[in-house]
Amino acid sequence: MIDSTQWITEATIAHRGLWNADIPENSIRAIELCIEKGYAIEIDVQMLYDGTFVIFHDWTVDRMTTGTGVISHKKIDDISHLRLNKTDQKIPLLREVLQHVHGQVPLLIELKNKAHNRSLYMKNFLTEIQNYQGEYAISSFDPFLLKEHSKYKLPIVRGINFFHYKNDGLIFGWMKKIAMYGLWVISRTDPDFYVCHASMLPYCWIAKKARKKQKPLLIWGVKSEKEFTKIESYIDNTICDIRK
């Protein structure tokens with residue numbers, strides 16, 4: 001098994017598992033297919049209102065299920081009947097995913113949180129994952145959540161995520177990027193690696209910061225071979241949108 005530093009840069013990391021139109025992202029089946037291929041898996045983790053952790057990307061269940069509403073406001077009983085993209089796949093619990101993976105491949109766990117107290121979120125997350133023996137790293141767009149994790153002084157690799165916010169318009173998008181940078185500086189969080197959207201490179205301060213700190217830079221969202229070639233020399237690994 002690749003050690004915790006090496007796999008971040010050397011493993012093939014599948015973005016939300018190995019999925020397609022018939023196999024939903026962040027589903028047990030998408031995860032099983034990654035294990036079969038030997039791919040590391042990037043998953044999104046959110047906490048429900050009752051403290052249960054689930055694997056789900058969006059803030060609401062509207063896009064991926066026939067349900068509606070903010071997922072962090074729901075309890076496990078509220079989502080247990082929901083199915084992903086009209087398949088037989090349900091929203092997985094974090095504990096179910098950990099049991100399936102069982103250390104066979106590394107996990108890149110993105111911690112997503114909008115609604116909960118950070119201290120409670122992290123305490124519950126660490127309780128959930130404390131007995132897991134497989135290799136994993138965590139990342140988040142929230143530097144203060146990562147700061148909360150650092151208080152436990154655990155030997156877990158932590159990364160911070162950045163986004164371009166182009167869909168928010170020129171002015172508001174830049175305001176969001178500046179706010180993210182400001183929050184990161186204020187938090188004084190020193191990540192072990194950086195993650196950003198491919199469209200932010202090559203002309204981006206994150207790439208310069210990663211090189212200066214001699215820490216890995218990962219990207220996601222590559223749309224073409226041409227785009228990858230343009231930014232390849234700036235990055236250490238790609239979180240790949242691999243289709244089954």
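Distance alone, capped at 3.5 Å, places no donor-acceptor pair between the Glu110 side chain and the Ser140 backbone. A donor-acceptor pair under 3.5 Å is absent between the side-chain atoms of Glu135 and the main chain of Pro106, judged by distance alone. Side-chain N or O atoms of Gln46 include none that pairs as donor or acceptor with a backbone N or O of Asp44 at under 3.5 Å. No donor-acceptor pair under 3.5 Å is formed between the side chain of Arg188 and the backbone N or O of Lys147. Between the side chain of Thr65 and the backbone N or O of Leu82 there is no donor-acceptor pair closer than 3.5 Å. No donor-acceptor pair closer than 3.5 Å links the side chain of Thr52 to the backbone N or O of Leu48. Side chain of Gln104 to main chain of His100: a donor-acceptor pair is present (N/O by atom type, distance under 3.5 Å, no hydrogens or angles).
Residues Val54 and Val97 do not share a hydrophobic cluster, clusters being chains of Ile/Leu/Val/Met/Phe/Trp/Tyr side chains in contact below 4.5 Å. Linking Ile, Leu, Val, Met, Phe, Trp and Tyr residues whenever their side-chain heavy atoms come within less than 4.5 Å leaves Ile91 and Trp19 in two separate clusters. A continuous path of Ile, Leu, Val, Met, Phe, Trp and Tyr side chains, each step under 4.5 Å between heavy atoms, connects Val157 with Ile41, placing both in one hydrophobic cluster. The same ILVMFWY cluster, assembled from side-chain heavy atoms under 4.5 Å apart, contains both Trp220 and Leu111. Cluster annotation: Ile231 and Ile13 are assigned to the same hydrophobic cluster (Ile/Leu/Val/Met/Phe/Trp/Tyr, side-chain heavy-atom contacts under 4.5 Å, transitive).
Summarising the geometry, atom CH2 belonging to Trp59 is positioned 10.5 Å from atom CD1 belonging to Ile71; distances are rounded to the nearest 0.5 Å. Atom CZ of Phe141 is separated from atom CD1 of Ile160 by 9.5 Å, given to the nearest 0.5 angstrom. The OG1 atom of Thr66 lies 10.0 Å from the CG atom of Leu84; values are rounded to the nearest 0.5 Å. The CD atom of Gln130 lies 10.5 Å from the CG atom of Leu154; values are rounded to the nearest 0.5 Å.
Nearest heavy-atom pair, Ala14 versus Cys34, reported as atom, atom and distance to 0.1 Å: CB-SG, 3.6 Å. Smallest separation of non-hydrogen atoms from Tyr132 and Gly103: OH-N, 3.0 Å. Contact between Ile8 and Pro216 at its shortest, heavy atoms only, is CG2-CB, 4.3 Å. When all heavy atoms are compared, the tightest approach of Asn237 to Glu10 is ND2-N, 4.0 Å. Nearest heavy atom pair, residue Gly159 against residue Leu146, reads O-CD1, 3.3 Å. Nearest heavy-atom pair, His164 versus Ser199, reported as atom, atom and distance to 0.1 Å: CD2-OG, 2.6 Å.
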Worksheet item: Phe162 and Trp205: ring-ring contact (aromatic ring centres under 6.0 Å, His included), yes or no, with the steps?
Response: CA-CA 11 Å; Phe162 296 93; Trp205 62 269; 5.2 Å; yes

Worksheet entry | Pair Glu32-Lys37, salt bridge (Lys or Arg N to Asp or Glu O under 4.0 Å): steps then yes or no | CA-CA 9 Å; Glu32 289 173 340; Lys37 296 286 187 179; over 6 Å; no

Worksheet item: After noting the C-alpha distance and the side-chain angles of Glu36 and Arg29, does the key distance pass the salt bridge (Lys or Arg N to Asp or Glu O under 4.0 Å) rule?
Response: CA-CA 11 Å; Glu36 291 175 13; Arg29 185 55 184 147; 3.5 Å; yes

Item to complete: Give the intermediate values and the outcome of salt bridge (Lys or Arg N to Asp or Glu O under 4.0 Å) for residues Lys123 and Glu128.
Response: CA-CA 9 Å; Lys123 179 182 177 181; Glu128 188 85 2; over 6 Å; no

Item to complete: Could you check Lys213 against Asp192 for salt bridge (Lys or Arg N to Asp or Glu O under 4.0 Å), going step by step and ending with a plain yes or no?
Response: CA-CA 9 Å; Lys213 294 278 190 177; Asp192 298 301; over 6 Å; no

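Residues Leu108 and Tyr136 are not in side-chain contact: their nearest non-hydrogen atoms beyond the backbone lie 4.5 Å or more apart. Residues Leu18 and Ile23 have side chains not in contact (no heavy-atom distance under 4.5 Å, counting atoms from C-beta outward). Proximity of Met200 to Ile206: side-chain heavy atoms (C-beta onward) are separated by under 4.5 Å at one or more points. In this structure, the side chains of Arg83 and Gln89 stay at 4.5 Å or more apart for every pair of heavy atoms. Counting only heavy atoms from C-beta outward, the side chains of Ile43 and Arg16 never approach each other to under 4.5 Å. Inter-residue side-chain proximity for Asn124 and Phe53 is flagged as met; some heavy-atom pair is nearer than 4.5 Å.
A salt bridge is defined here as a Lys NZ or Arg NE, NH1 or NH2 lying under 4.0 Å from an Asp or Glu carboxylate O, and Lys215 with Asp190 meets this definition. A salt bridge does not link Lys230 to Glu232: none of the charged side-chain nitrogens sits closer than 4.0 Å to a carboxylate oxygen. For Lys90 and Glu96, the salt-bridge test passes: some basic side-chain N is under 4.0 Å from an acidic carboxylate O. A salt bridge is absent between Lys112 and Asp58; no separation between the charged side-chain nitrogens and carboxylate oxygens falls under 4.0 Å.
A side-chain N or O of Asp241 and one of His15 form a donor-acceptor pair less than 3.5 Å apart. A donor and an acceptor atom, one from each side chain of Thr60 and Asp62, are located under 3.5 Å apart. Side-chain atoms of Asp142 and Asn113 include no donor-acceptor pair closer than 3.5 Å.
Aromatic ring centres of Tyr49 and His73: separated by at least 6.0 Å.
Using cut-offs of 30° and 60° on the angle between ring planes, the pair Tyr121 and Phe125 is parallel.
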